[in-house]
Amino acid sequence: MKQKKKRGYSIIYLLLIIFCLVIILPLVIVFSSSLRHVANQSSPLLLFSELSLESYRKAFQNMNYPLAFLNSLMTTTGSVAVVVIIASMAAYPIARIKTKLARFLYFFFIAGLVVPSQMAIIPIAQMFGRLHIPNTRFTPMIMFITCSLPFSVFLFTGFMKSVPIEVEEAAFLDGAGLPTRFFKIVFPLLKPAVTSVIITQGLWIWNDYFYPMVFISKRALYSLPVCMVQFLGDKENPAQWNVLFAACVLCALPLVLMFMILQKQFVNGIAAGAVKG
């Protein structure tokens, strides 16, 4: 019986190793190809056959990396901050008030998870034009905030229900008003939910290129993913794959560094979101 269990575990471990290799191999190929000279078009399966930073230099210059990084940072930070504030404040009455209206509002936000925003992108773009909303780096933030609210409200509502209402009642008896009770008592207890929202929505907003590509027309306002896509080329200007792979690494590098620094908070936030969300 024990031998069968060991054999079963060995098969599971072998399958997991194969799965990890399948996931990691493309990343290794991308990193290896990014370390080649621009003109080196040999097989990408020849891993680390050359160590050159020429592709990174060209990608860094063509992307205008500092400006693109600043655009991505401003868009992501601003969008996530607004989402955390609005979603937490919207989830508070939904979780605390036991009425049909609160339940309707809860399902109203949840319905936003079902409808993909890409379906309405044309009328939304037309509406932005009629409202004379300028195409700046902040224009995609409207879409990012709107699309992030349904999931964020859902997550905050689940956490809010786990916060004991007796804590608020004690503060109310001490004379604390509604804003004080929310921002000084309830909101600090929502730290796992805030972390989960920052992780899930921040990663999506940072990596998204669709909305910046649609709503931004000036190259100086492009985010990192949009700048990276410009290296794909066309029939007249074929893609320089080594430079494109170097651009991919440069786009992912800030997220990798942030994960290495905040690894514990990331893992705790995702685990808490899985348990309570």
Side-chain angles (χ1 to χ4, degrees), residues 72-115 117 138 140-208 211 254-277:
S72 293
L73 184 63
M74 293 176 63
T75 302
T76 304
T77 304
S79 300
V80 171
V82 174
V83 167
V84 168
I85 295 174
I86 295 179
S88 60
M89 294 177 66
Y92 181 69
I94 293 176
R96 287 290 185 257
I97 301 175
K98 306 299 182 181
T99 62
K100 292 184 179 180
L101 178 60
R103 189 172 181 82
F104 167 78
L105 291 175
Y106 176 72
F107 287 109
F108 176 77
F109 279 106
I110 296 301
L113 297 172
V114 181
V115 181
S117 59
F138 300 105
M141 292 175 59
I142 300 175
M143 294 302 302
F144 288 139
I145 294 170
T146 304
C147 297
S148 299
L149 281 177
F151 174 78
S152 301
V153 170
F154 167 74
L155 193 62
F156 273 115
T157 302
F159 272 83
M160 202 82 68
K161 292 179 179 179
S162 66
V163 177
I165 195 172
E166 290 79 11
V167 180
E168 294 183 63
E169 292 176 348
F172 177 74
L173 294 176
D174 290 337
L178 181 60
T180 303
R181 297 200 305 271
F182 176 76
F183 287 106
K184 291 188 177 181
I185 297 176
V186 177
F187 191 78
L189 298 176
L190 299 176
K191 184 178 178 180
V194 174
T195 305
S196 300
V197 170
I198 292 175
I199 294 171
T200 56
Q201 305 309 305
L203 290 177
W204 166 66
I205 294 172
W206 181 276
N207 292 322
D208 185 80
Y211 294 122
L255 294 179
V256 174
L257 294 177
M258 186 173 64
F259 178 79
M260 292 174 63
I261 297 173
L262 304 174
Q263 183 177 3
K264 183 178 180 180
Q265 288 80 356
F266 272 44
V267 174
N268 290 342
I270 293 176
V275 173
K276 293 186 179 181

Locate the shortest heavy-atom distance separating [X] from [Y]; write the atom from each residue and the value.
| X | Y | result |
| --- | --- | --- |
| Met160 | Arg96 | O-NH1, 3.2 Å |
| Ala95 | Thr157 | CB-O, 4.1 Å |
| Ser152 | Gln201 | OG-CG, 3.8 Å |

- Item | Candidate pair Met89 and Phe183, rule side-chain contact (heavy atoms from CB on, under 4.5 Å), full reasoning | CA-CA 9 Å; Met89 294 177 66; Phe183 287 106; 4.3 Å; yes
- Task: With sequence neighbours excluded, give me every side chain to side chain donor-acceptor pair (under 3.5 Å) pair touching residues 84-93.
- Result: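 Listed by first then second residue: Tyr92-Glu168.
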- Heavy-atom neighbours of Lys100 NZ exceed 12 at 6.0 Å: no
Rounded at 0.5 Å granularity, tell me how far [atom1] in [X] sits from [atom2] in [Y].
| X | Y | atom1 | atom2 | result |
| --- | --- | --- | --- | --- |
| Thr195 | Leu190 | OG1 | CG | 10.5 Å |
| Ser196 | Lys191 | OG | NZ | 12.0 Å |
| Met141 | Thr77 | CE | OG1 | 9.0 Å |
| Thr180 | Ile185 | OG1 | CD1 | 8.0 Å |

- Task: Could you please spell out the steps behind the side-chain contact (heavy atoms from CB on, under 4.5 Å) verdict for Thr75 and Trp206?
- Result: CA-CA 8 Å; Thr75 302; Trp206 181 276; over 6 Å; no
- Task: Go through the steps for Val83 and Ile205 under the test side-chain contact (heavy atoms from CB on, under 4.5 Å), then give the verdict.
- Result: CA-CA 11 Å; Val83 167; Ile205 294 172; 5.5 Å; no
- Asp208 side chain to Trp204 main-chain N or O, any donor-acceptor pair under 3.5 Å?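 Checked: no pair found.
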- Query: So Phe187 and Val84, side-chain contact (heavy atoms from CB on, under 4.5 Å) or not? Walk me through it.
  - Reply: CA-CA 10 Å; Phe187 191 78; Val84 168; 3.9 Å; yes
